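Protein chains get the first letters and strands the later ones, always in sequence-line order, with residue 1 at the start of each. Everything numeric here is computed off the predicted structure, so don't read it as measured data.
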2 protein chains.
Amino acid sequence: MERVDLDALRWNETGLVPVVVQDVENSDVLMVAWANREALERTLDEGRMVYWSRSRRELWRKGDTSGHVQHWEELRVDCDADVILARVHQEGAACHTGERTCFFRSLTGR
Amino acid sequence: MERVDLDALRWNETGLVPVVVQDVENSDVLMVAWANREALERTLDEGRMVYWSRSRRELWRKGDTSGHVQHWEELRVDCDADVILARVHQEGAACHTGERTCFFRSLTGR
């Protein structure tokens, strides 16, 4: 598989990229979070997902508070180099509601 | 499954939400695109994915040019109501490069 390094990423106007998180065990899409360069450097170094919390404006080492750590198995980059796909082993629930995935609701029209 | 309608969505500062697209047949994450309210209304009405092209600044009915239409089977909303997960039947390739998924490259450190 072709490899892309951090220098090739295209950050948005606030210096972030979206990160789609997929469970490697059952392939469920668990959540979408955001990362800046430092978050991805720490993710690469530590073997677990580190994000940028847009609400708290600080690095967010997923699981430090909840215990719901995400150990990544594979990190991929899309064709435009502006989205990351993290394939992870999820401890416990990905969602702060306690659901395993954040996508537990269905979209309907009016 | 709990249902959420378009009025409950939380659009970003440019009136968009990210849409994560997953292949229902093999569970691969295919791409991430963006949608405004009109794009999601048309998606719901037409049974196929319609996005907002940020580069062309126009509605993007996926597959109109390429033939690579995405028929959605299920649309989900995340816990914060600011990301959509579309589970689709993909005709042909999702990626403009001709790859089936946009995530065909691996992220590495320096």
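Atom CZ of Arg54(B) and atom CG of Asn12(A) lie 8.5 Å apart (nearest 0.5 Å). Between Met1(B) atom CE and Arg105(A) atom CZ the span is 11.0 Å, to the nearest 0.5 Å.
Applying a 4.5 Å heavy-atom cutoff, the residues of residues 64-81 of chain B that approach chain A are Leu75(B), Arg76(B), Val77(B), Asp78(B), Cys79(B), Asp80(B), Ala81(B). Among residues 87-99 of chain A, the residues having any heavy atom closer than 4.5 Å to a heavy atom of chain B are, in sequence order, Cys95(A), His96(A), Thr97(A). For residues 13-25 of chain A, heavy-atom neighbours of chain B at less than 4.5 Å comprise Glu13(A), Val20(A), Gln22(A), sorted by residue number.
Here the shortest heavy-atom pairing between Ala39(B) and Val50(B) reads CB-O, 3.3 Å. Of all the heavy atoms in Trp11(B) and Leu40(B), the pair that sits closest is CH2-CD1, 3.8 Å. Between Gly109(B) and Asp5(A), the shortest heavy-atom contact is O-CB, 3.5 Å.
Using a 4.5 Å cut-off between heavy atoms, Val32(A) touches chain B through its side chain atoms alone. Proximity to chain A (any heavy atom under 4.5 Å) is restricted, for Leu9(B), to the side chain, taken from C-beta onward.
Put simply, the side chain of Arg48(A) reaches to within 4.5 Å of the side chain of Arg61(A), judged on heavy atoms. Between Leu107(A) and Leu6(B) the shortest side-chain heavy-atom distance falls below 4.5 Å. Side-chain atoms of Met31(B) and Met49(B), non-hydrogen and from C-beta on, never get closer than 4.5 Å to each other.
Of the candidates Arg37(A), Glu38(A), Arg57(A), Arg57(A) is the only one forming a side-chain contact (heavy atoms from CB on, under 4.5 Å) with Trp52(A).
In terms of heavy-atom pairs under 4.5 angstrom with chain A, the leader among Ala8(B), Ser27(B), Cys102(B), Ser106(B) is Ser106(B).
When the side chains of ILVMFWY residues are joined at heavy-atom separations under 4.5 Å, either directly or via intervening members, Leu44(A) and Val83(A) end up in two distinct hydrophobic clusters. Under the 4.5 Å side-chain heavy-atom criterion for Ile, Leu, Val, Met, Phe, Trp and Tyr, Phe103(B) and Leu85(B) are members of the same hydrophobic cluster.
Summarising the local packing, CZ of Arg56(A) is surrounded by more than 12 heavy atoms from other residues, nucleotides or ligands at distances under 6.0 Å.
Residues forming a ring pair (Phe, Tyr, Trp, His ring centres under 6.0 Å) with Trp34(A) (at least two apart in sequence, or on another chain): none.
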